[in-house]
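First comes the structure, then the notes that go with it.
Not measured: the values here are computed from a predicted model. Reminder, nothing fancy here: chain letters follow the sequence lines and each chain counts from 1.
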Amino acid sequence: MDHSENQAHHAPPLKMFIATFSFLLVMLWLTVAVSYVNLGPLNNVVAMTIAVAKMMAVILYFMGVKAGSKLVWFWAAAGFIWFLLMFFTLGDYMFRPNVVGW
Amino acid sequence: MKEETNSMPAHDAPQVNYLNWSHTVKSWLLTGDHKRIAMLYLISVSAFFLVGSAAAGLIRLELTSPRGVLLENETYNKIFTMHGVVMVFFFLIPAIPAILGNFLVPLMIGARDLAFPRLNLLSWYVYMAGGVCAVIAMMTGGVDTGWTFYTPYSSMYSKSQVVWAICGAFFAGFSSIFTGINFIVTIHKMRAPGLTWFRLPLFVWAQYATSVIMILGTPVIAITLLLVVVERTLHIGIFDPKLGGDPVLFQHLFWFYSHPAVYIMILPSMGVISELMACFSRKRVFGYSFVAFSSLAIAALGFLVWGHHMFVSSQSMYQGMVFSIISTVVAVPSAIKVFNWTATMYKGSIRLETPMYYALGFLGLFLIGGLTGLYLSSMATDIHLHDTYFVVAHFHYVMVGGTIMGYLGGLHFWWPKMTGRLYSEFWGRLSAILVFLGFNATFMPQFVVGYLGMPRRYHYYYLMPEFQIWHVLSSFGSILLAVGFMLPAFYLTWSYLKGPKAGPNPWNATGLEWTTQSPPMSHNFDEPPIVTEEAYAYDAEAEEAEDIEEAPAAKPAHAPKPAGG
Amino acid sequence: MGVHTAHNAESSDHAAVSHQFEDIGQQNEIYIVGMWTFLVTEIMFFGVLFFAYVLYRWKFGDVFYEAHKVLNVRLGFINTTVLLTSSLFMALGVRSAMLKNRKMTLFWLISVIVCAFAFMVIKYFEYSAKIAAHEIPGPFFQWHGPGSAGQAEIFFSLYFAMTGLHGIHVLIGIITLGILAWMVAVKHKAVDDYMPIEMFGLYWHFVDIVWIFLFPLFYLMPHG
Amino acid sequence: MGNFPLMPEQASTFAGPYDVLFLVTTILTVVFTGLVSALVVFFALRYRKGNKVNRKGAHDEHLPLELTWTILPLILGLVIFFWAAALFTHMRSAPKDAMEIYVIGKQWMWHIQHPDGVRENNELHVPLGKPVKLIMISQDVLHSFFIPQFRVKQDVIPGRYTTLWFEPSKVGRYNLLCAEYCGTQHSEMGGFVEVMEQAEYQKWLASKGARNFDQKLTMEKAGEAIYKQYNCAGCHEANDSIRGPSLAGLFGKVVALEKGDSVTADNSYVREAILSPNDRLTKGYIASMPTYKGQITEEQTLQLMAHIKTLGVAQPKPTMAPAVSPPAGSTDPSVPDVRPTGTPE
Ligand code: HEA
Ligand code: HEA
Ligand code: CUA
Ligand SMILES: [Cu+2]
């Protein structure tokens, strides 16, 4: 196996952390601000897009996945992808014969 | 804890091995050695099997008469719940991964241990904690929800110890999560030099696929069961129909794990069968890559079929169809495995030793179990069969006929490696035959009675007294089965104490685990092995030519030199 | 490769490289991958609740909208900021540990504890306000807003279940942080290497991610 | 049936087609099991260690073979799937003229109400050769309505109606069982289904009605009494009023909701409208209707619904039907009771 990939773990530059943090704060303000504007159904889309952006920032920079090995990328992605599988269940709720309730 | 300095080697074993380097209790209970942890699991899992079997015995006894024999309603319900919970969460799910997997994965990949030895030990303690919760549940009155814990019965109506039982299942779940994490990382990162993915034994592939299911599925049931507990105790509920919640949501979440869980049970067993088929046919497993990838296919597709348990639960008809068709598709990788194993025997040099008896038994029983799954995954046929003894027979065929046969086969195969001792072939074969016959006698009648309309979880069937004949047959069969299951307990114990020495490789098998001494030393290998060949370097043709009478001299398979001895 | 005695196999856990590994590089990579596989289970763990939330919000959208008004956006906002800040401190702590700057590591770890503690205190005030207003599901639940009381109760069930589970994670984090900080302070050899802190960091950032979603989903629910 | 019964009686129109599919699957099972077992035994004997047989030329890879045994089972499996799916759809699509019977499951009995007021417990009398549709709900936990000789089964759920239909094809007495575990006396929750000739059935209805004084009321009449008792008419007049919408011809109508979307009024909707009316407000009205949850039982709800169904047919409002397409679910054939009279299509 190739063990060398992480051998020399250079500490990431301070600047990167500060930038990430600033990005997160800006996004936080943005999401709060947007929630006061009525965009109709777009509201949810915007809120979730911002949340996903924040998540990506945390994962890639704070958690160091950006510099991680392929295996780390793989497992980091696996959980989030598998979680989406659960939404397969919604199919049942959309097509349940009863109109009201469930 | 007392400090004992007990460094003397055991009286009857000359070499130092993982069993005898120390005999203190502490050296066992605080061990990080995967092999010792496997032994701890072996003992505790067997104990739970005994508990679950006793419950099975009571079930079969009770059902010999349409009005029951000795149990009250309430008691019967608690007995089958305990039977299901113990067998599923405390026996079958940990059985192969935590015993054989724990013991063998590092040996098979040439590693000194699993990646996280202390996590491994923790997983055993968590399992035991779960076991204690389950025992508390039994002692303080039992649980009567069935192993499926369907809401709202479990969350609002049952007056039994649901919370304790759920805690038990919850802990057992975490124990298998820890095992899964350990296996995944170990298999990814700790293979011996030269041991590429496609040189891995198929058992390791199967363990890998199983671990993936464990870490992706188990948390789902953990939190779902936790929700039942908070709904029951704190009324923080989301399944409560009185509030407008959906009780059927629980079933979705439960089966989101519990269907993949049936593959947690069967995949490791399939891995064992691949090893046995190769070794006892003296051939490379036919279609290695198909067998390997079918494990992954089962693991992945297995996550998309959970709704086939809910065809009559008021699930939408369209969603039911989607689940049904995917269930049909997921049967195909199983078919691939079955046919490849059969083809492996073609032109082999077949040795009918005890493990092979079990392996052949597995084939027949798993086929019937799997194919009856087809009746259940076809929606129309499931309407009538759902929640009848047909389902009971189906899952015993796959769980007992499939998984336990594989487990016992594997246990017999690697027993000389685990203990350094041989057992009696005669008794071994006898027990395999008894289990096979007894099993069919027990569960074949249940297909018929299920088709006739006998619902499960019934202990009175006085409305249909004509079913009695089938129940009696089944109960008689279970006696035979019980004898078959009990025998190994005796002769294996005898073998452990008094059996003849096995030597490093009694079956003349390939695979890294056979290159080290039996039982292995604590650090597994004297020198880190380097692999140059793939896992199944058997050659039936050459072996037959060499010498028909005697086993050919041990041929080092893919390690530089056999160690120990 | 030295000779492994049986004793060695038992006790070498505290050495920088555990006995089962070849070298520190392999060990570190394994720890990171191991931690991520654990986080995968955490994702599925929280995932069920997020799924339930989506399902019920889709079904009971109106009442959920009404019920969410009860939550205090200001406190939620402050708490999000606190957690994000703690995440920054955590990242800096890991960085200091990599640079083998023990003093700064300790400083950042303690800063994280302070943030986490602040988060819990704010959460405590939020919870007590809800409980006082009978907005906790169960026998005392009361709902005065428009729409079905049952559906509102499910909203609060989800609110308490999700933020509660998140809170438990924060609590576990605080305890672990305390232990880590103590180990750094006494120069425990287990934290000679930065890896334990890095692993905890992954956990902490994950807990932060969960909150990143909880905040908009519960506090900032838009109508529509 | 002899001492060794092998298959359940065929007493509904489903049983025949069902058993054919079952048989075909069984043949498939036997063929595959037999084939593989025979091969295994043959190989084990022939290639046993020491047997002098030709072992030359053994493969361990063979792509065409792999493909054969991948594709063949897949095709066979899909054949079974489509067959089963067709039968399943049939078994789930009640004909519109089916006679409706209401079923309430509770721990541990089946409570059944015929449209004309006859009630029975743990017994179900049905006429021969007439499609029957059951509208079922549970008062407590899950149950499952199971008649093996009809090959039908459907879970019964609290808070929501499920339906089941069949057409009895043979006079006789059959088992009525509960198949979903529901607690202590789950195994005793059952009785029998009696299939009678049409004339017998009418006679039975009449005698049953006369015998039980309190069951004399038809469901509609009972519902009317409750309607009076709770003064529903106080708000629900014949025409839409300020206080409440008219209930005339409600069933099957597409009701526009305050929120903006719409639903087709079926059993479940009306049940919800009575028990927790504020969950979905009808367009143009405020939440003034009292909540009857806890006051009106499941049984009374069913009777009220029967009464509301008699309140006459609404004038179809042409403006509404095309504007809002009914939600996807309502095209499902098993929608509980979309009355043919009011269906917009
Ligand atoms: C080890 C455990 C295990 C395994 C491996 C399986 C395997 C399968 N199971 Fe089973 N099942 C259970 C354990 C298991 N099951 C349990 C415990 C329950 C009950 C739970 C409860 O309610 O308590 C259950 C219940 C259950 C149901 C729900 C029944 C009901 O409640 O109404 C269904 C429905 O689809 C089903 C289907 C299947 C299918 C399609 C497979 C397939 O994976 C089988 C695939 C294998 C084959 C098909 C055989 C080999 C193939 C060939 C030889 C080729 C020929 C094939 C074709 C022509 C397709 N199972
Ligand atoms: C690994 C899983 C596993 C295993 C190994 C078994 C093994 C057996 N099971 Fe079990 N079974 C389940 C998993 C398993 N089962 C599950 C999940 C359920 C569903 C539970 C639910 O509905 O919730 C179930 C349900 C179930 C039922 C249906 C109960 C009902 O629905 O009412 C029956 C009935 O015959 C049964 C029988 C048996 C038998 C005869 C064995 C035999 O193989 C066991 C062999 C052993 C013996 C026959 C007894 C040995 C004797 C002793 C140890 C002496 C003690 C004897 C006395 C005290 C009398 N099982
Ligand atoms: Cu009602 Cu079982
Ligand atoms: Cu399944």
* To do: Check step by step if side chain to side chain contact (heavy atoms under 4.5 Å, CB included) holds for B/Met317 and D/Phe88.
  => CA-CA 9 Å; B/Met317 182 165 85; D/Phe88 182 71; 3.4 Å; yes
What part of [X] gets within 4.5 angstrom of chain D, counting heavy atoms only: side chain, backbone, both, or neither?
{"X": "B/Phe290", "result": "side chain"}
{"X": "B/Leu473", "result": "side chain"}
{"X": "B/Val338", "result": "side chain"}
{"X": "B/Thr344", "result": "neither"}
{"X": "B/Tyr76", "result": "neither"}
{"X": "B/Ser281", "result": "neither"}
{"X": "B/Phe366", "result": "neither"}

* **Option among D/Gln185, D/Glu188, D/His186 that satisfies the side chain to side chain donor-acceptor pair (under 3.5 Å) test with B/Asn73** =>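 The residue from D/Gln185, D/Glu188, D/His186 that satisfies side chain to side chain donor-acceptor pair (under 3.5 Å) with B/Asn73 turns out to be D/Glu188.
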So does [Y] get a backbone contact from the side chain of [X], meaning a donor-acceptor N/O pair under 3.5 Å?
{"X": "B/Asn77", "Y": "D/Thr184", "value": "yes"}
{"X": "D/Lys49", "Y": "B/Ser349", "value": "no"}
{"X": "D/Gln154", "Y": "B/Val312", "value": "yes"}

* **Which atom of D/Cys178 lies closest to which atom of B/Pro455, heavy atoms considered** =>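 Looks like O-CB, 4.4 Å.
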* To do: List the atom of B/Phe311, the atom of D/Arg92, and the distance in Å for their closest heavy-atom pair.
  =>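 The answer is O-NH2, 2.8 Å.
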* Aromatic ring pairing B/Tyr451/D/Phe22, orientation class (parallel under 30°, perpendicular over 60°, tilted between) -> parallel
Which answer fits [X], side chain, backbone, both or neither, if we ask what part of it has an atom under 4.5 Å from a heavy atom of chain B?
{"X": "D/Cys182", "answer": "backbone"}
{"X": "D/Met189", "answer": "backbone"}
{"X": "D/Leu63", "answer": "side chain"}
{"X": "D/Glu180", "answer": "both"}
{"X": "D/Leu164", "answer": "neither"}
{"X": "D/His90", "answer": "neither"}
{"X": "D/Val40", "answer": "both"}
{"X": "D/Ile157", "answer": "side chain"}

* Decide whether D/Thr26 and B/Tyr375 meet the rule of one side-chain donor and one side-chain acceptor closer than 3.5 Å. => yes
* **side chain to side chain contact (heavy atoms under 4.5 Å, CB included) evaluation trace for B/Asp387 with D/Tyr181** => CA-CA 9 Å; B/Asp387 268 345; D/Tyr181 178 69; over 6 Å; no
* To do: May I ask you to check whether B/His384 and D/Phe146 place their ring centres under 6.0 Å from each other?
  =>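 Yes, close enough.
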* Asked: Taking atom CD of D/Glu61 as the centre, does the number of heavy atoms from other residues, nucleotides or ligands within less than 6.0 Å exceed 12?
  ->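 Above 12, so yes.
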* To do: Among B/Thr148, B/Leu385, B/Thr75, single out the residue with the greatest number of heavy-atom pairs under 4.5 Å to chain D.
  =>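 With the most close heavy-atom pairs to chain D, the winner is B/Leu385.
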* Hey, which of D/Gly77, D/Ala179, D/Pro17, D/Ser37 has the most heavy atom pairs under 4.5 Å with chain B? ->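 Option with the top pair count is D/Ala179.
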